[in-house]
Structure formats: structure tokens, C-alpha cells
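Every chain is numbered from 1 and lettered A, B, ... according to where its sequence line falls, protein lines coming before strand lines.
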Amino acid sequence: MNSDFLNDLNESQREAVLYTDGPSLVIAGAGSGKTRVLTYKIAWLLLQGLKPWSILALTFTNKAAKEMKERIANLVGIEQARYLQMGTFHSIFARILRANANRLGFSSNFTIYDQGDSRSLIKTIIKELELDDKTYKHTAVADRISLAKNHLMLPADYATSTVYQTDIERKQPHIIDIYKRYQERCHQSNAMDFDDLLVNTWLLFRNHEDIRKKYSEQFAFVLVDEYQDTNYAQQQIVSQISEERQMVCVVGDDAQSIYSFRGANIDNILDFRKQYNGAKLFKLEQNYRSTQKIVAAANSLIRHNERQIPKNVFSEKDEGDKLRWIQSYSDREEAAIVCKKIRQLKLSEQGHWSDFAILYRTNSQSRSFEEQMRKDAIPYRIYGGLSFYQRKEIKDIIAYFRLVANNDDEEAFRRIINYPTRGIGATTEGKIIDSANKFGVSLWQVISQPQMFQLNLSGATMKKIESFRTMVEEWTKALPDADAYELASTIYHVSGMHADIYSSREPEYQSKQENIEEMFAGLNTFIESRREEGSDNISLTDFLQEVSLMTDIDSDEAGDDKVSLMTIHSAKGLEFPSVFIVGMEENIFPSSQCAASARGLEEERRLFYVAITRAERHCTLTSAQYRYRYGNLDYNRPSRFINDIDPSLLYIDKSSGGIQMQNAHPVAHQFKADPMPKATASRYDLPSRFKPVSKSNQTTGLAKNHDLKPGDIIEHQRFGIGKVIQVEGYGENAKATIEFTNLGIKQLLLKFAKYVKR
DNA sequence: CACGTCACTGTTTTT
DNA sequence: CAGTGACGTG
């Protein structure tokens with residue numbers, strides 16, 4: 001490797017890459033090649049002789065980490081890239097915590113509680129403390145606890161903080177009690193929530209200097225992506241790790257800080273140079289993404305914010321078109337206009353559907369567009385909504401895996417102790433919990449030694465519990481050596497989950513079946529790809545660890561020619577030739593609650609800035625006068641943000657008002673979308689987390705362009721011989737109804753089915 | 001213990 | 001409107 005790659009950089013990028021004398025802050029305007037700077041900097045560090053494992057690069061999403069790793073591999077080769085310490089804050093810290101769990105009184109197989117788990121635990125605690133669930137709403141309490149943790153405030157600190165004073169003023173003095181008890185329960189369950197992964201890492205380093213030292217010596221250089229979105233805890237941990245050498249490079253854009261509601265603190269980036277004295281500042285100001293007018297319009301908007309690092313983002317691309325603003329009468333008309341514009345633009349630009357994105361403030365706004373696009377036969381894909389891992393059936397099967405891997409996991413225990421029903425009802429469950437609380441042990445310990453923990457139950461109930469316990473125990477014993485897929489499959493069947501899910505042919509159940517299939521397909525892919533990488537970590541436990549820190553956004557099925565519909569938040573980091581920012585109305589964008597405070601309003605404005613800067617060539621804003629919200633018709637004035645844009649860069653389009661709703665399009669039938677049942681409409685369109693690697697799939701069967709028709713005989717890898725009864729849907733969504741000789745009728749999502757034609 | 005009915009309550013959400 | 005959760009009945 002030589003340093004030729006540096007020629008790909010512009011001057012400011014190169015300066016940022018080459019500086020390795022101390023801490024630095026890289027302010028990367030939208031579209032200015034931020035990822036390029038990060039990856040090249042890492043390559044440069046390697047070239048300087050740094051060992052890959054001594055470079056720590058922290059990102060916010062798995063996707064960003066993966067992308068960066070791939071790009072670095074292209075520069076320096078996979079051999080070096082493989083050993084880079086690169087990943088999300090949470091996954092890197094989880095690894096550190098597993099290695100040192102005993103120091104904190106956890107064991108290394110601890111469970112990671114997701115948001116659902118922690119909320120559910122908080123809910124039970126509120127009940128146990130006999131607090132009024134109207135004053136103490138579990139979601140609000142959870143947010144409050146999360147906020148405390150993001151500020152590294154332990155229950156003990158909480159009592160002396162101003163937060164506690166606020167609680168008292170709000171007549172919620174018991175949040176601290178819930179917090180305390182919540183932490184105890186997590187500990188008893190050998191579980192950490194997402195925030196604990198940060199808090200506990202910080203604690204580990206604070207209380208065990210030898211460990212902190214070890215890591216700070218290992219990580220000779222620390223890089224942080226999206227620094228504007230870090231919270232206090234993350235900032236502190238970075239500081240713990242880099243204390244001695246101060247070799248930190250953080251990259252971000254204060255103008256794109258939009259996650260304060262998750263604890264992100266914009267001051268981290270604004271005050272970075274105060275925290276790291278003498279830190280060097282680099283600004284990447286050339287935007288390579290958008291036309292000049294789009295960049296200028298975005299600049300004119302963000303100028304209205306007080307708190308920011310001054311910068312001059314510019315573009316040398318075409319001048320381009322002004323932003324366009326269209327007002328419509330209603331939300332339905334808004335959707336119709338947008339669809340019409342998309343068609344026109346696609347034609348005039350000779351583009352693809354995937355060149356277009358519709359961005360909105362809230363998920364619920366997707367509805368009118370969905371309806372209209374289905375009517376107009378425009379292919380689309382909605383991002384967001386209920387994620388794969390939040391679906392009940394997936395959470396259930398994962399809960400089994402979790403309990404097997406960590407018997408003390410209370411949330412997993414409670415989820416499945418009586419699912420599928422095995423005659424262990426609420427009363428019994430209550431008694432187990434009481435005993436556990438009384439003795440300060442986990443639920444599992446109570447059922448393991450019922451007499452010791454004074455569990456008083458009838459002989460019949462005891463027997464049921466006993467058999468549940470033995471069942472799980474056996475799996476736990478098998479865990480270390482078992483083939484993950486085999487074990488998972490055993491659990492699925494022996495637990496009775498399989499029978500339950502196949503007990504009906506209702507669409508609801510079919511969708512569950514498909515989702516579980518998909519999970520198993522994912523498990524398979526996981527094992528295969530780990531094997532390909534030469535890793536032995538392919539047990540069910542390894543799968544669990546991977547899965548607990550994964551989200552839907554991480555897999556994207558780009559390549560599909562579809563219009564993207566998503567919230568502005570989830571559009572961050574993406575770009576599209578044409579962007580429609582819809583619902584530009586007061587009370588929606590800016591949302592009424594955020595607009596109440598100056599800080600909140602500035603964040604909304606940054607959100608709008610993010611939205612505009614997603615556009616490469618065309619950016620259209622729309623406002624509707626009337627829209628349905630919560631079942632009634634609301635009137636809203638146009639968003640104040642419209643006025644924030646330099647009028648010379650905004651074209652007010654009046655031509656489209658009052659378009660005819662019954663727009664017949666001659667080409668429409670070509671793209672006819674599936675008539676989807678409404679309950680599952682977006683479900684089939686969701687990203688499949690683990691899209692099987694085409695390689696492995698192609699060998700056994702095929703997925704994309706299936707050639708099945710009714711009457712065909714197939715042999716399925718697991719289900720055996722079957723006859724095709726019916727095929728429906730297209731491409732990604734194609735599924736077949738197949739009658740298997742041994743198993744009866746099943747529905748298969750062909751995307752995942754492994755079979756050969758006979 | 002399963003299922004039906006009623007009241008309630010609505011941002012954004014990288015892990 | 002629609003999804004959720006609490007509660008009561010078979």
C-alpha cells in the first residue's frame with residue numbers, strides 16, 4: 001500500500017486526514033465526503049504503522065460500521081481491515097463488558113434488554129410499588145431513567161440532582177424508587193439495557209483503573225463518527241479511553257444534530273475544543289451531492305439558528321433549480337400532486353422510481369401516500385414502522401433462546417413461562433415473583449429451589465413448572481456444543497411454539513409463520529457467513545448477541561426500483577436525486593411540542609436542513625391546508641420554515657392546485673402492486689433483516705425469479721416433497737401455497753424458500 | 001384462561 | 001382513525 005490514495009482528496013479533506021498530532025474536530029457539512037475522510041484517515045494511520053487493533057472507530061449504526069469497514073478493506077486489504085476495532089458504541093462496549101463482566105457483578109452471558117423489555121419491567125415495578133399508573137406512565141418513566149443514565153446519573157446521584165427536584169415539582173417523587181428497583185432487577189436478571197451498556201462501561205473504567213489503562217493503551221487512536229449525536233456518557237467514555245494520549249478525531253456536523261430526544265447533546269460537538277484543549281478544527285465545506293441552489297437554500301435556512309459552528313458550505317455542481325413549494329387543499333390532494341410530480345419528473349429526467357424519496361415528520365403521514373401510490377400503481381417502499389424484532393412471534397422465540405442462554409433473564413422468563421399455554425397462570429406467576437422479590441433472587445432461582453424460596457403451590461402446578469424447568473435446563477446444557485440451527489429448531493418445536501403458530505390458517509398466523517421462517521433463514525445466513533469468515537463463534541449465544549444489537553435499518557434492500565417513503569430522521573445519511581418534503585405545516589413541522597422551546601425549534605430547523613440536503617437535484621416542499629389527524633379534520637397554516645428560505649431560491653408553484661383526483665395513467669397497469677390486505681400492508685414491504693446471501697441461496701434453489709406454477713412438484717430442503725397449489729405476489733413478495741406430503745399445506749415466501757423443482 | 005368490549009391516547013427513535 | 005391496554009364475562 002502506498003499513499004497514492006491521498007490524491008482522491010480535496011485540500012481540506014487531505015489536511016483532516018493527515019493531521020495526527022493530537023485531538024481534532026472535523027466539521028463535515030452535508031455531502032462533503034465525511035465517510036471518505038474517516039476511512040482514508042484510518043488507512044493513513046495504518047500506513048503510519050499503527051496496528052489495526054489499536055484503532056478504535058465508533059459509529060452509531062451497524063450499517064455505517066459495515067460500510068466503512070468495506071471501504072477500508074478496499075484501500076488496505078481485508079487482512080488489516082478485519083482487525084480494526086470498528087463498530088457501534090453499543091456493540092464495542094458490549095464486547096468489553098462481556099470480557100470483564102465479573103468485575104461488575106455480572107456474568108459474561110448477560111442479556112441485553114431492548115426498549116420493550118425495559119418498559120415492561122418498569123411497568124411491573126410501577127405495579128409492585130402500587131403507584132398510580134396515570135401519574136407514572138411507564139413510557140415516560142422509562143424516558144426519564146434513560147435520560148438519567150445518558151447523563152451517568154446513578155440512582156444515588158439522582159436523589160441529589162435537579163432532576164429529582166423537577167420530579168417533585170411534577171408530583172412524581174417516586175421515579176427514583178422505580179429507578180433503584182429497576183437497576184436491582186436488571187442485576188438479578190443478569191441483564192443490561194442499552195443505556196447500561198454505556199453506564200457500565202463508564203463504571204468499569206472508573207472503578208477499575210487497571211482495565212481502563214489496558215484499553216487506553218490498546219486504543220492508540222480513537223475516531224468517532226456522527227459526533228453531534230453523542231450523549232454525555234459516550235463523550236465521557238471516549239475521554240476515559242483517550243485520557244493519556246488525547247489521540248481523538250471526531251467527525252460530525254452540528255447542523256445535523258437531530259437526536260436530542262434520545263439524549264444526544266449538541267454541546268459535545270460545539271464545545272469539543274474546550275474539552276480538548278488545543279484541538280485542531282477542520283472544516284469540510286464543499287458539498288459534492290447537491291446543486292448550488294439546493295445548498296444555498298439549505299444555508300439560508302440554517303442561518304436562522306443561533307447556536308452553530310460557522311461554516312460556508314458550497315457546491316460546484318450545476319446551479320440547478322430552485323426549491324419548489326406547492327400548497328394543496330387536503331392531505332389527499334397533497335399525495336395526488338406528489339405522485340403526479342414524481343411521474344412527470346421520472347419521465348423528463350428519464351430516471352428510476354428509486355430516485356425519489358418522500359420525507360415526512362411523523363410515520364403516520366405515510367398513509368395518504370401509500371393509498372395514492374397504490375392507486376397510481378407506483379412501486380414504493382416504506383421504511384420504519386414496527387421492526388422485525390419487535391414482532392410478537394419473533395420476540396417470543398428469541399425469549400426462548402435468551403432464557404436458555406441466561407436462565408436468570410426475568411423478561412424472557414415471564415414472556416414464555418405460559419406461552420404456549422401450559423397452565424401456569426397469572427396467580428402462579430405472581431407467587432414466583434413475590435418469592436423472588438422477597439429473597440432478592442431471580443425467578444429461575446425460585447423455581448429451581450422452590451422450598452428454599454418458600455414457593456407455595458399445588459402439586460399439579462408444581463409439576464407443570466417442574467417440566468418447564470427441565471425442558472429449559474436441557475437446552476441450556478446442550479447450548480455450548482449444539483449446532484445453533486438444530487437447537488433453535490428443537491426449541492421451536494418442543495416448546496410447542498410451532499404447533500401454536502400452525503394452529504390456524506388465518507392471515508395473521510400465516511404472517512407469523514413467515515416471520516419465523518425468516519428468522520430461521522437469518523440464523524442460517526448468520527452461521528454461514530461466520531463460517532465463511534472463518535469464525536467459530538456460531539453458537540446460538542453468538543447469534544443472540546448479534547441480534548440484540550441489530551435493527552431493521554441495518555439491512556437495506558437497495559436495488560429495488562421503488563420510491564422510498566420515510567421519516568426525515570431515518571433519511572439521515574441517505575441521498576436521492578429528487579426529494580419531496582411533505583406536510584410543511586405548523587404543528588406538524590415544526591411539531592407543536594418542539595416549537596415551544598428555542599432549543600426544540602432549532603432542532604426542528606436542523607431536521608428540515610437534513611431533509612433539504614438529502615436532495616441532489618430536485619427538492620419539492622408541500623403543505624396541505626386541511627388534513628385528517630386522529631380522526632378529525634384539522635386546519636394548519638404553512639410552516640414558518642418556508643419563510644426561513646431565501647425567497648429568491650424558492651419557486652412557488654401554483655399550477656398543481658386542484659388537480660383531478662381521478663388521474664388515469666395509461667402505463668399504470670405495468671406496475672400493478674399486490675393487492676395487499678390492509679392489516680399486513682407494510683409488513684411485506686419491510687426490509688428483511690437477513691436477506692440470505694445470494695450465493696448460498698442460489699445453490700439449493702433460487703429465490704428471485706421463481707418459475708413455479710400450480711401443479712409443479714418441488715423438493716424443499718427441510719419440508720420434503722410438495723405440490724404447488726397456488727403462487728401469488730411478485731419478486732420479493734412472491735409466495736406459494738404448497739401441499740407437502742408429510743406436513744400438509746404450508747405457505748412459503750419464495751425469497752427464502754430453499755427448494756428444487758422436480 | 002381465552003376472548004370480547006370499552007376507553008384512551010396519540011413525535012421523532014441510530015442501540 | 002387505529003392500535004393498545006385494562007377489565008369483565010363465558
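- Note: A:H187 and A:F106 have perpendicular aromatic rings, judged against thresholds of 30 and 60 degrees for the angle between ring planes.
- Applying the 4.0 Å criterion to OP1 and OP2 of C:dG5, one finds that A:K137 has every side-chain N and O outside that range.
- Remark: A:N363 is in phosphate contact with B:dT13, judged by side-chain N or O atoms under 4.0 Å from OP1 or OP2.
- Nearest-nucleotide positions on DNA chain B for A:F60 and A:H569 put A:H569 closer to the 5' end.
- Among the atoms of the strands shown, only primed sugar atoms or phosphate atoms (P, OP1, OP2) are found under 4.0 Å from some heavy atom of A:G423.
- Between A:S570 and the phosphate of B:dT12, there is no side-chain N or O to OP1/OP2 separation shorter than 4.0 Å.
- Judged by the 6.0 Å and 45° rule, A:K512 forms no cation-pi pair with A:Y502.
- Summarising the geometry, the separation between NE2 on A:H138 and P on B:dG10 is reported as 11 Å, rounded to the nearest angstrom.
- Within 4.0 Å (heavy atoms only), A:L58 reaches no atom of the nucleic acid at all.
- Summarising the geometry, the separation between CG on A:D132 and P on B:dC8 is reported as 14 Å, rounded to the nearest angstrom.
- A:D229 comes within contact range of at least one nucleobase, with a heavy-atom separation under 4.0 Å.
- Of the residues in residues 84-94 of chain A, those placing a heavy atom less than 4.0 Å from an atom of DNA chain B are A:T88, A:H90, in numerical order.
- Here A:K127 lies out of heavy-atom contact (under 4.0 Å) with every strand.
- For the pair A:E604 CD and B:dT13 C1', the interatomic distance rounds to 14 Å; values are reported in whole Å.
- Note on A:R361: a base of the nucleic acid sits closer than 4.0 angstrom, heavy atoms only.
- The distance between the ring centers of A:H304 and A:F641 does not fall below 6.0 angstrom.
- Regarding A:Q256, its CD atom lies at a distance of 14 Å from the C1' atom of B:dT14, rounded to whole Å.
- When rounded to the nearest whole Å, the span between CD of A:Q593 and P of B:dT12 equals 10 Å.
- If you check the side chains of A:Q365 and A:T362, you find a donor sitting under 3.5 Å from an acceptor.
- At least one cation-pi condition fails for A:R606 and A:F608: the charged atom is not both under 6.0 angstrom from the six-membered ring centre and inside a 45 degree cone around its axis.
- Nearer to the 5' terminus of DNA chain B, by closest-nucleotide assignment, is the contact made by A:K134 (compared with the other of A:Q115 and A:K134).
- Considering A:T541, A:D117, A:T111 as possible partners of A:R402, the one that fulfils the side-chain hydrogen bond (donor to acceptor under 3.5 Å, both in side chains) test is A:D117.
- A donor and an acceptor atom, one from each side chain of A:Y626 and A:N636, are nowhere located under 3.5 Å apart.
- Here A:N418 reaches the OP1 or OP2 of B:dC1: one of its side-chain N or O atoms lies under 4.0 Å away.
- For A:Y630, counting side-chain heavy atoms from C-beta on, the closest listed nucleotide (C:dA6, B:dC1, C:dC1) is C:dC1.
- Residues A:D254 and A:Y227 bring no donor and acceptor atom of their side chains to less than 3.5 Å of each other.
- In this entry the distance linking CG of A:L633 with C1' of C:dC1 reads 13 Å, nearest Å.
- OP1 and OP2 of B:dC1 both lie 4.0 Å or more from every side-chain N or O belonging to A:R422.
- OP1 or OP2 of B:dT12 has not a single side-chain nitrogen or oxygen of A:S591 nearer than 4.0 Å.
- By the stacking rule of 5.5 Å between ring centres and under 30° between planes, A:Y259 does not stack on the base of B:dT13.
- Remark: C1' of C:dG3 and NZ of A:K392 are 16 Å apart, rounded to the nearest angstrom.
- With rounding to whole Å, A:I258 atom CD1 is found 10 Å from B:dT13 atom C1'.
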